[in-house]
Amino acid sequence: MKILLLNPNTTADVTDLLHAAGSKAASAGTELVPVTAARGVPYIATRAEAQIGGAIALEMLAEAAPGVDAAVIAAFGDPGLFGARELFAFPVVGLAEAAMLTACMLGRRFAIVTFAGALAPWYEECVAMHGLNARCAGIRALDGRFQSISQVQAEKEELLVALANRAVEQDNADVVILSGAPLAGLAAKVRDRIPVPVVDPVAAAVRQAETLAMLKPRKAVAGTFRRPDPKPTHGLAEPLAAIIEHRSPKEGTN
C-alpha cells in the first residue's frame with residue numbers, strides 16, 4: 001500500500017517529523033511517501049494561508065496521484081480536503097478530521113491543544129466544518145513566541161503538557177488532541193503525563209487512510225462529492241488542469 005503524506009507548507013523539517021511519527025503508526029508493508037510544498041508559507045496559521053495551502057495541496061495531489069492508494073493532507077485544519085474528495089478517486093484524509101473522529105471513539109468530548117494562539121480561530125472553524133462542535137470541549141493554545149517551527153514541540157513540551165492537563169481538569173475533556181503538524185510524535189512522548197487518551201493526528205490519519213484504502217470505497221458518482229463535470233482551465237498546473245478537464249495530461253496542455 002502506498003500512502004501520500006502531503007505537507008502543504010514549505011518546512012521540510014516538519015515533513016520529517018510527520019513522516020517519522022506516521023511511519024511508527026503505519027502497518028508493515030505500507031509505504032509513506034512524504035512530499036513538501038515547493039511554494040507557500042513555512043507553516044499555515046490563518047484562514048488566508050489555509051486557502052493558499054489548500055490550492056497547493058490539490059496541485060500536489062494531482063501530480064502525485066498515479067499509483068497512490070490514499071493520501072493524507074498533513075495540516076491540522078485540513079486545507080483543500082473537501083475539494084480533494086471531489087476530484088480524486090482514492091481516499092483523502094485530513095489530520096484534523098482523522099484526529100477528531102478517532103477521539104470521538106475514545107471519549108465523549110475532546111480538547112484540542114496547540115502551540116500558537118493564531119491557530120485557534122481556524123481550528124474552531126475546522127471543528128464546525130466537520131460538524132463536531134458538540135463533541136469539542138474546547139481549544140487551548142499557548143501564548144507567546146517560539147524560536148523554530150520545527151523545534152516548537154521540544155521547546156514548548158512542558159507548557160503543552162500543562163495546558164493539556166488544564167483542558168482535562170477545567171474543560172472536562174475525555175480525550176486530548178495535540179494539534180498542528182509540528183507537534184507530530186509528541187503524543188507518544190507525553191501520554192503518561194496526561195490522565196486521558198492523547199491522540200497524535202498524523203498517527204490517526206495514517207491508520208484511517210490505511211483502513212479506507214483497504215475498504216476500497218467507490219468514487220461517488222452522485223451526491224455532493226461526485227467528480228465535477230469537466231471545465232476548461234487557464235494557467236493551472238498541468239496535472240491539476242488535466243483532472244479538472246477530464247483528460248490525460250499527455251493529451252496536451254491547457
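This is a predicted model, so every value here is computed, not measured.
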Handout entry: Modelled atom types, side-chain donor and acceptor of T102 and R207, under 3.5 Å
Key =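 Per modelled atom types, T102 and R207 side chains form no pair under 3.5 Å.
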
Problem - Donor-acceptor pair between D78 and H130 side chains, under 3.5 angstrom - result: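 A donor-acceptor contact under 3.5 Å links the two side chains.
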
Does the pair [X]/[Y] count as a salt bridge with the N-to-O cut at 4.0 Å?
X    : Y    : value
R85  : E97  : yes
E86  : K219 : no
D192 : K189 : no

Handout entry: Hphob cluster co-occupancy, I73 + L17, side-chain heavy atoms under 4.5 angstrom
Key =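 Hydrophobic grouping puts I73 apart from L17.
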
Handout entry: Verify same cluster id: L159, I139 (apolar side-chain graph, 4.5 Å)
Key =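 In one cluster with L159: I139, yes.
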
Heavy-atom donor-acceptor pair, [X] side chain to [Y] backbone, under 3.5 Å:
X    : Y    : answer
R47  : E125 : no
D69  : A213 : no
N7   : V35  : no
R135 : C104 : yes
T36  : T10  : no

Roughly how far, to the nearest 0.5 Å, is the [atom2] atom of [Y] from the [atom1] atom of [X]?
X    : Y    : atom1 : atom2 : answer
I244 : D229 : CD1   : CG    : 13.0 Å
L58  : L81  : CG    : CG    : 10.0 Å
H246 : K231 : NE2   : NZ    : 10.5 Å
R39  : I56  : CZ    : CD1   : 4.5 Å

Problem - Heavy-atom closest contact (P79 atom, G53 atom, distance) - result: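 Minimum heavy-atom contact is CB-C, 4.1 Å.
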
Problem - Taking every non-hydrogen atom, the tightest pair across F146 and E155 - result: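 That closest heavy-atom pairing would be CA-OE2, 3.5 Å.
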
Counting only heavy atoms from other residues, nucleotides and ligands, does the tally under 6.0 Å from [atom1] of [X] exceed 12?
X    : atom1 : value
R191 : CZ    : no
R193 : CZ    : yes
E157 : CD    : yes

Exercise for the section: Decide side-chain contact (heavy atoms from CB on, under 4.5 Å) for I112 and M100; before the verdict, give the C-alpha distance in whole Å, the side-chain angles of both, and the deciding distance to 0.1 Å. Expected result: CA-CA 9 Å; I112 295 172; M100 291 188 289; 4.3 Å; yes

Practice task
Report the residues that fulfil side chain to side chain donor-acceptor pair (under 3.5 Å) with S148, sequence neighbours left out, ordered by chain and then residue number.
Solution key: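 Here the qualifying residues are S150.
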
Exercise for the section: State which residues pass salt bridge (Lys or Arg N to Asp or Glu O under 4.0 Å) with D143; sequence neighbours excluded, sorted by chain then number. Expected result: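 With sequence neighbours excluded, D143 shows a salt bridge (Lys or Arg N to Asp or Glu O under 4.0 Å) to no residue whatsoever.
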
Problem - From CA spacing to verdict: side-chain contact (heavy atoms from CB on, under 4.5 Å), V176, V196 - result: CA-CA 7 Å; V176 168; V196 299; 3.9 Å; yes

Handout entry: Pairs meeting criterion ring-ring contact (aromatic ring centres under 6.0 Å, His included) with involvement of residues 56-76, two or more places apart
Key =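 Listed once each, the pairs are F76-Y123.
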
